[in-house]
Each structure stands twice: as structure tokens, then as C-alpha cells.
Amino acid sequence: MSKIIYTKTDEAPALATLSFLPIVEAFTKTAGIAVETTDISVAARVLAEFPEYLTEEQRVPNNLAELGRLTQDPNTNIIKLPNISASVQQLKAAIKELQSKGFALPDFPEDPQTDEEKELRKRYGKSLGSSVNPVLREGNSDRRAPKAVKNYARKHPHSMGEWKQWSSTHVSHMHGGDFYDGEQSITLDKARTVRMDLLLDDGTNKVLKPEIALQDKEVIDLMVMSKKSLLEFYEREMEDCREAGILFSLHVKATMMKVSHPIVFGHAVRIYYKEAFAKHGATFDELGINVNNGMADLFDKIATLPASKREEIEQDLHACQEHRPRLAMVDSSKGITNFHSPSDIIVDASMPAMIRNGGKMWGADGKLYDCKAVMPESTFARIYQEMINFCKWHGNFDPTTMGTVPNVGLMAQKAEEYGSHDKTFESSNAGIARIVDVDTDEVLLEKRVEKGDIWRMCQVKDDPIQDWVKLAVRRARESDTPVIFWLDPYRPHENELIKKVQTYLKDHDTTGLHIEIMSQVRAMRYTLERVARGLDTISATGNILRDYLTDLFPILELGTSAKMLSVVPLMKGGGLFETGAGGSAPKHVEQLVEENHLRWDSLGEFLALTVSLEHLAENDNNAKAKILADTLDTATEKLLLNDKSPSRKTGELDNRGSHFYLAMYWAEELAAQDQDSELKAQFTPFAQKLKDSEEAIVKELNQAQGRPVDIKGYYYADEELAKKAMRPSALFNETLASL
Ligand SMILES: NC(=O)C1=CN([C@@H]2O[C@H](COP(=O)(O)OP(=O)(O)OC[C@H]3O[C@@H](n4cnc5c(N)ncnc54)[C@H](OP(=O)(O)O)[C@@H]3O)[C@@H](O)[C@H]2O)C=CC1
Ligand SMILES: O=C(O)CCC(=O)C(=O)O
Ligand SMILES: [Mg+2]
């Protein structure tokens with residue numbers, strides 16, 4: 001029997017699944033396909049890590065590890081929904097919720113001292129940040145807007161803020177002392193085992209990572225971010241921002257870069273509130289405050305102090321704000337600033353939203369202002385400045401005419417920076433950071449670090465690079481679109497990649513294809529010149545730009561990256577079909593709980609299911625699956641044309657209503673096709689029943705809205721209550737059951 005593995009995740013996507021999955025199961029069983037679900041939510045991952053604290057009945061299997069194994073099986077077909085990449089705050093909240101529900105989990109040790117606490121912290125660490133995607137992504141990334149989606153956006157353009165040439169908005173990044181500056185990189189001449197160590201100035205050698213097995217032809221790099229340069233940079237930019245009278249905003253990716261970026265974030269907060277930290281540092285230390293986790297952690301902990309002391313601290317924090325620039329807000333109505341939590345403003349989504357808004361972010365008064373967008377690492381920050389330059393000069397992009405920018409991303413096997421968190425260190429002392437061959441003691445790379453500097457090693461294996469080049473050529477051929485490899489010859493790592501790309505391109509027939517290699521800034525400019533003229537250009541990028549560009553262009557072109565097709569052809573032959581390119585939209589859950597309206601758009605799921613079925617049809621020689629895929633594709637197009645996507649407004653069609661329409665259109669297409677008479681016979685009466693009940697079902701679905709709904713939990717909601725909330729139409733449920 002053919003099988004699709006469907007992941008259960010968190011927040012809005014998990015809620016949407018409760019409504020959509022019964023439809024998927026009902027339709028796919030007609031083609032002999034079993035849909036198996038696997039829970040990889042943050043709650044399930046935490047539970048799987050601590051079986052010894054749980055009763056027999058409470059224990060859950062380690063689904064993520066199992067999925068990781070399955071990525072190596074050519075028969076694997078996984079539909080992966082977005083999941084929470086938890087910050088410390090979120091993880092603590094999830095643990096608390098589970099404890100309150102009778103799971104005797106240990107507390108999260110924030111400041112581990114004993115060996116036992118350190119071990120617990122390490123185990124909980126496995127559920128922090130981006131810890132699902134890197135396990136599953138055993139292939140490179142192919143993300144694009146399908147034609148039907150692009151055509152829909154052209155006909156129904158989303159709103160765009162206006163760019164003025166006089167806008168003060170700009171990007172600030174470091175010009176020295178950052179990871180880009182003085183990076184070192186080599187391609188290995190043979191397989192080696194290396195260690196990372198820190199040779200201290202007093203001659204002692206501190207081994208930080210004793211053994212890393214590297215393959216022949218692997219590219220490795222050593223990079224350092226100087227704390228001193230970073231602090232000077234923040235000081236300068238905050239003053240510059242205050243002088244300019246615009247908002248200060250910091251854009252990091254603390255989820256993927258889960259070791260380095262919280263540190264980078266914490267320094268910004270401590271510089272901003274410098275005087276208050278100088279005065280109250282001892283109290284903050286006593287309370288175990290770590291603003292690498294955001295100001296939320298500070299406010300939580302000072303709440304335990306006597307009122308007078310707490311007020312004094314609050315006043316001193318306020319006093320700092322007086323001579324600092326105003327901060328960009330995450331939620332001005334709740335007073336949540338950019339510094340609240342490092343995972344509130346995530347660069348891949350936050351920068352495109354700002355650019356879409358005409359270069360504006362929200363101020364504390366709920367009004368829009370120009371801003372300084374601070375991204376300390378220069379490596380990729382410059383692409384945003386290039387786009388801003390373009391917008392200031394040419395005005396906004398026009399979604400009705402702009403070209404599209406699909407991406408082919410080098411991602412497999414924890415490629416580049418996004419796989420570096422277990423090889424990232426905050427230097428405890430000054431010394432020489434080194435990567436040393438364990439067998440020969442040969443020093444492969446070394447660089448001076450000072451106390452507090454962040455240093456890391458990144459790696460990218462040769463097979464993924466070959467596969468990436470192959471995928472780029474394939475996409476260029478299939479879509480007859482130019483490919484630009486965004487690689488900077490002045491960055492040593494990318495210079496190594498350029499050599500490899502040039503070599504591996506020769507393995508393919510590239511006659512008639514337009515393939516070029518350009519530095520990021522040039523690639524951006526070139527791509528935008530084409531975008532503005534309605535021309536399409538594939539970006540072939542490393543892992544970080546894969547992430548950034550697959551939110552940036554879709555948000556401008558389509559209004560959201562949720563509408564992207566996101567395929568990961570697994571290198572071993574299986575398929576991983578991600579849904580959209582965006583996240584889990586926590587705000588959407590809030591709206592559901594308050595008003596019983598879920599505005600999450602499952603278009604990404606529809607697209608993923610289509611390609612998953614296509615893959616399965618081919619792999620298992622399942623002709624019915626191919627018909628299901630083709631008809632789903634047409635049904636999705638119809639859904640877009642008939643405007644049956646979820647509305648943002650309570651009382652109007654939401655996620656559940658759009659699922660109903662997808663089911664109806666899909667059934668109609670299956671009834672209309674003549675390739676398979678069995679499917680035709682099954683779906684003809686079913687489609688008719690849905691059509692006959694359309695009005696009644698939509699009424700039932702919409703009438704459920706407008707009042708609060710209690711699903712008893714956030715990270716571990718009551719499954720039955722959530723199911724009930726997400727399937728409120730008895731008529732639709734009955735009809736579906738009749739298939
Ligand atoms: N593949 C994965 O597993 C990914 C996971 N994440 C995780 O998701 C969480 C939230 O990340 P964040 O950066 O806020 O990004 P999100 O993409 O979740 O949200 C940004 C905004 O985009 C809009 N949006 C996103 N998806 C949809 C959708 N399907 N339907 C309608 N609107 C949508 C929403 O806008 P509006 O509110 O205006 O409706 C939302 O507020 C984090 O934990 C992050 O790590 C992030 C990216 C990918
Ligand atoms: O894994 C994550 O935390 C986010 C992934 C992401 O943003 C992406 O792949 O686009
Ligand atoms: Mg992303």
C-alpha cells in the first residue's frame with residue numbers, strides 16, 4: 001500500500017490539520033493510499049526526550065528521530081507542516097503547560113550549575129530553536145510560486161505600502177569585525193577528523209568539540225564575530241538612529257542560529273539599556289536574568305522583587321529610553337517591543353514585511369515610521385539594502401506585473417551556517433580559535449579571538465553541492481528561466497563554492513540555458529531589474545539566502561510565503577514536501593481562541609499534497625494517485641479563481657470553509673474526469689451531495705464563529721476539543737464520512 005506521512009505540528013498549522021486531514025484521508029483512500037500521522041510538535045518532542053519522568057501511558061515515541069531515519073529510505077513520502085522553532089520563553093511555557101497537565105517533567109534549568117542540571121539543559125536544548133527542519137532536510141530546496149498562484153496574485157493584488165525616494169529607512173550592518181570579515185575557508189583534500197579548540201594565551205588548550213568527521217571535498221570555514229566591534233557598532237548605530245529620529249529595529253534569526261543570534265540580540269539590549277544594566281547588573285545576575293532571551297525574561301523576573309525595587313528598575317529602564325532611539329514594536333497595543341523576545345522579529349519574515357510596507361515599521365503609538373533595520377552580520381544584510389535602494393529609486397513593486405523569483409537552495413545535510421550551532425562558541429577567554437586535524441595535529445584554520453567573541457565552524461558537503469547544481473540546471477531547463485548563483489567571490493567560503501559550481505556545471509548539458517554566477521548585491525540588482533520588467537529569474541543560493549529570499553520575494557509577489565510550493569527532493573530518492581515557506585503564525589491561534597476564526601491559509605498544504613501525490617504516483621506506479629494529483633491541482637486553481645481562500649475577518653469564510661470548498665471542487669474534478677471509471681463512480685454522487693449542501697455547510701461553518709472557543713491549551717491542547725472546534729459542521733462531517 002502507498003503511504004504518505006503527514007506531520008502534526010503546532011499552532012495554526014496544527015489546527016488547520018484537524019480540519020484538512022479528514023478530507024485528505026477520505027480522498028486518498030480511494031487510491032489505496034494510507035495517510036499516517038506523526039506528531040513532531042514541540043510538546044511531543046519534549047515528551048519524547050524524557051520518558052523516565054513519565055508514566056507508561058504518557059510516554060511517546062521519538063517521532064522526529066524515526067522521520068530522520070526515513071529520509072534515507074527511497075520510498076519515503078513526507079508532508080511536513082511548519083512547526084514552532086522554540087525560543088527559551090516558548091519552551092518554558094510548553095514545559096509549564098505539560099507539567100500542569102500531569103506530566104512530571106523536570107523544570108528547565110536556566111542557569112545550570114550541577115552536572116545533573118547541565119545534562120537536563122542539554123536534553124531540553126534538543127527542542128530549542130530550529131531542530132526539526134535540519135533533521136528532515138536531507139535534500140536541497142526547490143521553492144516557487146506555481147503558475148496558478150502567481151496568476152491569482154496578478155489578478156487580485158495585495159496591498160503595498162508606498163516607497164518614497166526621501167524615505168529614511170535603511171539597513172545597517174557591521175563593516176568590520178563581523179563573521180564576513182576575515183572568514184577563512186578550505187576545501188578538504190581528503191576525509192579527516194578534526195577538533196575545535198581554543199589555545200589560550202596562557203598556553204592551555206581548551207578542546208571545545210573533540211571530534212568532527214569531515215568528508216573528502218567538504219568545504220569548511222572558520223568565522224569570528226568580535227564582541228568589541230559588535231558593541232561599538234550598536235553604540236554608533238543607536239546614536240545615529242536617535243539623531244535621524246527614526247525607529248530602531250533589530251532583525252535576527254535566533255531560531256536557526258540558535259547559539260550565535262541570541263548572544264547578538266542580548267548585546268543590543270544591554271547596550272540600549274546600558275546605564276540600567278550597569279546600575280542593576282548585580283540584581284539581574286542574582287535573579288538569573290538573561291536578556292539573550294529578551295526583555296520578557298527580565299520583566300518576568302523583576303516581577304518577583306518588592307514593588308519599590310521593581311519600580312526603581314523600571315524607572316531606570318525608562319530613563320535609558322530617553323536618550324535612545326524609539327524601538328520598533330511587535331505589538332504596540334500590548335507594549336511589546338522588538339527587544340521583547342529574540343524570536344518575535346525573525347529576519348526572513350520581518351524584513352519583507354517592512355519592505356512591503358514601504359519601509360515602515362510600527363512605533364509605540366501604533367503609527368508607521370521609517371526605520372533603521374539593524375542586521376549586524378554584513379554577509380546577507382546587504383541584499384536588503386540593495387532592494388531598498390531599488391524601491392526608493394523605482395517605487396514599489398507592482399504585484400500585477402512583477403516577475404517571479406523561484407529559489408533553488410543549497411540546504412541538504414545541514415549545509416553552511418544553518419548547520420553550525422553545535423560548532424558555535426562564545427569565547428570564554430582570549431586565545432586562538434583553531435580547527436585541528438585530530439590524527440596529525442595539523443592546524444587547518446585558525447583565528448585570534450578575544451573574550452566574548454563568537455566563533456564558529458560551518459561545513460557543506462560535496463554531494464549536496466553536486467545535487468544543488470543538478471537541481472538548478474533541472475529547474476532552468478524545466479521552466480526555461482535563467483539561473484543566477486548568488487555567490488560572492490570576496491567571501492572565501494563562497495569562493496570555494498564558485499569553483500565547485502563551475503566544475504559541476506560541466507557534468508550537465510547546459511546548452512541554451514542562461515546560467516551566471518554573481519555576488520549577492522549584483523545578483524539582487526540584476527534580478528530586480530528583471531522583476532520590474534515582469535521577467536522571471538531563478539535564484540540559486542546557499543542556505544541562509546534560501547531562507548531569506550523564499551520569504552522576501554513571495555511576500556512581495558503574493559502577499560505571503562504561505563502560497564509557495566516547497567519541495568525537498570531527498571537525495572536518497574524519497575520526497576519531503578514542505579508546506580509554504582512561512583511559519584506557524586501564532587497570532588492566528590489567538591484569533592481562533594478569541595473569535596473562533598482561523599485565518600490560516602492552507603494553500604501550501606494543498607500544493608504540497610499535489611506534488612506528494614505526483615511523487616507517489618510515479619514511485620509506486622499508482623495511476624489513481626496521478627489522477628488525484630491532477631484533479632487536486634485543478635481544484636486548487638478553481639479555489640483561487642473563485643476566491644475561496646480564508647478571509648482575515650471573523651464571520652467570513654475561514655480556514656475550515658476553504659477546506660470545504662477544496663473538497664467540493666476536488667470531488668467535482670474527480671467526477672468530471674474520464675480516465676478512471678471507478679473514481680468517477682465514487683465521486684459523482686459525493687460531489688453532488690456536497691454541492692447540494694454547500695449553502696447549509698458554509699452557514700454551519702460561519703455561524704460557529706464570533707465567540708471564544710476553549711481548546712484547553714496552546715502547546716498541548718485538548719485534541720478532542722480542538723477537533724470539535726475545527727470541524728463544526730455536522731453536515732459536512734457526515735457527508736465526508738459517507739465517501
Ligand atoms: N518551516 C517551518 O517549520 C517554519 C517555521 N517557522 C516558525 O514559525 C514561528 C512563527 O514565525 P514568523 O516569523 O512569525 O512567521 P509566520 O510565517 O508564522 O508569520 C508571519 C505572518 O505571515 C502571515 N502568514 C504566514 N503563514 C500564513 C498562512 N498560512 N496563512 C495566512 N497568513 C500567513 C501572517 O500574517 P498576518 O498575521 O498578517 O495574517 C503571519 O503573522 C516561529 O516559531 C518560526 O520559527 C518559521 C518559518 C518556517
Ligand atoms: O526551521 C525554522 O525555524 C525556520 C525555517 C524557515 O524559516 C524556512 O525554511 O524558511
Ligand atoms: Mg523562512
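Basis for what follows: all heavy atoms, side chains included, without hydrogens, waters or symmetry-related copies. Numbering starts at 1 and runs along the sequence shown. Just so you know, ligand 1 is whichever comes first in the structure, and atom 1 is the first atom listed for that ligand.
- Proximity of Phe397 to Phe553: side-chain heavy atoms (C-beta onward) are nowhere separated by under 4.5 Å.
- Counting atoms of ligand 2 from 1 in the listed order, those under 4.0 Å from a heavy atom of Asp348 are 7 (O).
- Checking Asp536 against Thr404 by side-chain atom types alone, no donor-acceptor pair falls below 3.5 Å.
- Given atom 1 (O) of ligand 2, the protein heavy atom at minimum distance is Asn133 ND2, 2.5 Å.
- Between Tyr661 and Tyr665, the ring planes lie tilted relative to each other; the angle falls in the 30° to 60° range.
- With ligand atoms numbered from 1 in the order given, ligand 2 contributes 8 (C), 9 (O), 10 (O) to contacts under 4.0 Å with heavy atoms of Arg143.
- In summary, Asp551 places no N/O/S atom under 2.8 Å from the Mg ion (ligand 3), failing the contact criterion.
- Counting atoms of ligand 2 from 1 in the listed order, those under 4.0 Å from a heavy atom of Ser130 are 1 (O), 2 (C), 3 (O).
- Donor-acceptor pairing under 3.5 Å is recorded for the side chains of Ser602 and Asn655.
- For atom 39 (O) of ligand 1, the closest heavy atom belonging to the protein is Arg599 NE, 2.8 Å.
- Classified by interplanar angle (parallel below 30°, tilted 30° to 60°, perpendicular above 60°), the ring pair Phe606/His659 is perpendicular.
- Residue-level proximity to ligand 1 for Asp601 is carried by backbone and side chain together, each with a heavy atom below 4.0 angstrom.
- For Thr9, no heavy-atom contact with ligand 1 is shorter than 4.0 Å.
- With hydrogens and angles ignored, the 3.5 Å screen pairs no side-chain donor or acceptor of Arg143 with any backbone N or O of Val568.
- Residue Asn83 touches ligand 1 through backbone and side chain together, judged by heavy-atom distances below 4.0 Å.
- Within the listing of ligand 1, atoms 45 (O) sit less than 4.0 angstrom from a heavy atom of Thr255.
- With a heavy-atom cut-off of 4.0 Å, Glu578 does not touch ligand 2 at all.
- Looking at Lys80 against ligand 1, only its side chain comes within 4.0 Å, counting heavy atoms.
- The distance criterion of under 3.5 Å between nitrogen or oxygen atoms is met by Ala585 with respect to ligand 1.
- Of the N or O atoms in Glu11, none lie within a sub-3.5 Å distance of an N or O in ligand 1.
- Remark: the Tyr418 side chain and the Asp547 side chain contain an N/O donor-acceptor pair separated by less than 3.5 Å.
- When each of Arg45, Lys258, His421 is paired with Ser131, the side-chain hydrogen bond (donor to acceptor under 3.5 Å, both in side chains) condition holds for Arg45 and for no other.
- Below 3.5 Å of separation, one finds no N or O of Thr550 facing any N or O of ligand 2.
- Regarding atom 9 (O) of ligand 2, its nearest protein heavy-atom neighbour is Arg137 NH2, 2.7 Å.
- Under a 3.5 Å cut-off, the side chain of His261 and the backbone N or O of Lys253 do form a donor-acceptor pair.
- For atom 35 (O) of ligand 1, the closest heavy atom belonging to the protein is His588 NE2, 4.1 Å.
- Shortest contact from atom 48 (C) of ligand 1 to any protein heavy atom: Gly582 O, 2.9 Å.
- If you check the side chains of Ser647 and Glu652, you find a donor sitting under 3.5 Å from an acceptor.
- Nearest protein neighbour of atom 8 (C) of ligand 2, counting heavy atoms only, is Asp547 OD1, 3.2 Å.
- Side-chain contact between Met361 and Ile345 is present, with heavy atoms from C-beta onward closer than 4.5 Å.
- The nearest protein heavy atom to atom 31 (C) of ligand 1 is closer than 4.0 Å.
- Using a 4.0 Å cut-off between heavy atoms, Ser85 contacts ligand 1 through both its backbone and its side chain.
- Numbered from 1 in the order shown, with element, the atoms of ligand 2 that lie under 4.0 Å from a heavy atom of Ala581 read 10 (O).
- Of the protein's heavy atoms, at least one falls inside 4.0 Å of atom 17 (O) of ligand 1.
- The nearest heavy-atom contact from the protein to atom 22 (O) of ligand 1 is Thr560 OG1, 4.9 Å.
- Side-chain contact, Thr541 with Asn407: a donor N or O sits under 3.5 Å from an acceptor N or O.
- Closest heavy-atom approach to atom 2 (C) of ligand 2 among the candidates Ser85, Ala86, Ser141: Ser85.
- Atom 20 (C) of ligand 1 lies below 4.0 Å from none of the non-hydrogen atoms of the protein.
- For atom 2 (C) of ligand 1, the closest non-hydrogen atom on the protein side is Asn133 ND2, 3.4 Å.
- Nearest to atom 4 (C) of ligand 2 among the protein's heavy atoms is Lys253 NZ, 3.8 Å.
- A salt bridge does not link Arg546 to Glu578: none of the charged side-chain nitrogens sits closer than 4.0 Å to a carboxylate oxygen.
- Looking at ligand 1, you'll find an N or O of Gly583 within less than 3.5 Å of one of its N or O atoms.
- For the pair Asn396 (side chain) and Trp163 (backbone), a donor-acceptor distance under 3.5 Å is present.
- For ligand 1, the atoms lying closer than 4.0 Å to a non-hydrogen atom of Ala349 are 13 (O).
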